Protein chains: 2
Amino acid sequence: MGGPRFEPVQAVRAYERVVEQVEEAIERGVLTPGQRLPSERDLMVQFSVSRSTVREALRVLQARGLVRSRPGDPNGAEVLAFSPATLHKSMSTLARVSELSLAELVQFRMVLDASANLLAARLRTEEQLAEMDAAIARMREAVEESYESFSAADVAFHDAVARASGNKLIQICTDVVRSIVLDLVSEKIAGASDRKALMLESIGHHEEVLAAVRAGDGPLAARLARRTMYDYYAVYVPEGERPALLALLE
Amino acid sequence: MGGPRFEPVQAVRAYERVVEQVEEAIERGVLTPGQRLPSERDLMVQFSVSRSTVREALRVLQARGLVRSRPGDPNGAEVLAFSPATLHKSMSTLARVSELSLAELVQFRMVLDASANLLAARLRTEEQLAEMDAAIARMREAVEESYESFSAADVAFHDAVARASGNKLIQICTDVVRSIVLDLVSEKIAGASDRKALMLESIGHHEEVLAAVRAGDGPLAARLARRTMYDYYAVYVPEGERPALLALLE
DNA sequence: GACTATTTGTCCGTATGTATG
DNA sequence: CCATACATACGGACAAATAGT
């Protein structure tokens, strides 16, 4: 064993080297959000490449959500704070291209929401409990208004729980997967004839979940959260795929 | 309320429009993986834009993992099958830039692995059980060899469980988060003095988990999986953040 | 408000290395 | 080996947009 482990020589493009250097500077904190990159002409001098190369590198950095540039900006491209937008983008294409079924998405939401509730039940503050109360109150008001405002309040509730979990990864994934699921089923829900009854039932479920979170009973909150999500979305999942969801309900 | 809801007019760049059209063609299945795009010169004619614009669009598409282009290829850029590589990339930068702590990453792994085991216990086939057996066997052999081969076998086990869960999203996220965690702690583990004892203990835990999966006891498998992961990684997590992990162990 | 300087967005032409037949 | 077509990279140019005077 052993011997020299040569790296495969790959003709790395010029723009890639530019991307790497800027990316590393951002990740190392040398460039912080809000700061500006040098102008394209300055960059072509510093990297000693042509402007086209600089621009291709900037496009890649922009696609990765690290910088943003506007025409005529005298300050150069702006370094952005990381947002889950790119994550959202790639997960969305994954959902559309790589044939993610609604069942898998809902199942993943059940996993995330249950975990968030489990953690929130132990770690929540009084302030966060108040947020959840307020969200449910808005859900109740929205029943008479529109499905859109109801859905917004529902999102706010789950968001508050996700924040209370203290885990940013849970928070971000919850946000991403939820918006994808809503894209897939919001028209169907909005057009349901018994929409109002569904909303009222959902509110009751949310209140039970919140009571468990308030009582600090994590396992119960997680179980109720899974059940709530199942009851709300199962009708839109093909019957053949529902057993996979039920497997989470023990 | 009401009134015409105008969209904010944003000067959409030419390369963006090119990206949109190609992206849509891929997502609608007009362009399938393995197919080739027209050459850059053909594209500048079809879109009636310049070469630079075409190239910037191709860089963005490449950054999103949708196409790949090599110099001298007579067939033009290749349409790729979607891979979680972009997802991996953006989640990695999220971990580095957005200050994700090791505690949060391990916590998320605990959530994913527990859910995967819960589902696997009900949905696994005999074939998948055999894979898990084989992985544990390789772990046992690797104890005398090296930490690297042990880690590889360990990865294979968790991968088999994730596949057996039947949820691609769990599978992909497991893969992504695991590699990030391993990047952060693999040197520490490899350099541990009581490495061998740790490996043996870990094997025992994995066997208990597998026994629960084989018995079809999902909740038990999930609980053991969480415990296994905690015991393996907790020492690398700052003491102040361990309570957040313990909150998952009920 | 208008003018000017600078920057980005876009286009064109050209040279070079590479892969295919 | 040669010819062709391609991607890569360079440099120059002009219009549109922005910021400061």
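Please read these numbers as outputs of a predicted model, since none were measured by experiment.
Between B:Ser146 and B:Ser149, the side chains place a donor N or O and an acceptor N or O closer than 3.5 Å (distance only, hydrogens not considered). A donor-acceptor pair shorter than 3.5 Å cannot be found between the side chains of B:Arg59 and B:Tyr15. Side-chain contact, A:Thr53 with A:Ser50: a donor N or O sits under 3.5 Å from an acceptor N or O. With 3.5 Å as the limit, one finds no donor-acceptor pair spanning the side chains of B:Thr174 and B:His158.
Heavy atoms only, all atoms of each residue included: A:Val181 and A:Arg109 are closest at CG2-CD, 4.0 Å. Contact detail for B:Arg64 and B:Thr86: the closest heavy-atom pair is O-OG1, 3.5 Å. Scanning both residues, B:Val60 and A:Ala63, for their nearest heavy atoms gives CG1-CB, 4.1 Å.
Contacts between residues 32-41 of chain B and DNA chain D, defined by a heavy-atom separation under 4.0 Å, are made by B:Ser39, B:Glu40, B:Arg41.
The phosphate of C:dC11 (OP1 or OP2) has a side-chain N or O of B:Thr53 nearer than 4.0 angstrom. The phosphate of D:dA7 (OP1 or OP2) has no side-chain N or O of B:Arg55 nearer than 4.0 angstrom. Look at B:Arg17 and you won't find any side-chain N or O under 4.0 angstrom from OP1 or OP2 of C:dG9. Contact between the side-chain N/O atoms of A:Ser50 and the OP1/OP2 oxygens of D:dC10 is found at a separation under 4.0 Å.
Distance, A:Asp42 CG to C:dT7 P: 7 Å, rounded to whole Å. Distance CZ (B:Arg13) to C1' (D:dA15): 14 Å, rounded to an integer number of Å. Taking atom CZ of residue B:Arg68 and atom C1' of nucleotide D:dA7, one finds them 14 Å apart after rounding to whole Å. Counting to the nearest Å, the P atom of D:dG11 and the CG atom of A:Leu43 are 15 Å from each other. Rounded to an integer number of Å, the gap from B:Glu56 CD to D:dA7 P is 16 Å. Atom CE of A:Met44 and atom C1' of D:dA9 are 12 Å apart (whole Å). In this structure, the CZ atom of A:Arg51 is 8 Å from the P atom of C:dG9, given to the nearest Å.
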Between the protein and nucleotides 19-21 of chain D, list every N/O to N/O distance that falls short of 3.5 Å.
residue: D:dA19; atom: OP1; partner: A:Arg70; partner atom: NH2; Å: 3.1

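With sequence neighbours excluded, no residue satisfies side-chain hydrogen bond (donor to acceptor under 3.5 Å, both in side chains) with B:Ser52.
Here the OG atom belonging to A:Ser165 is positioned 10.0 Å from the CG atom belonging to A:Asp113, to the nearest 0.5 angstrom.
Base contact: B:Ser52 has a heavy atom under 4.0 Å from a base atom.
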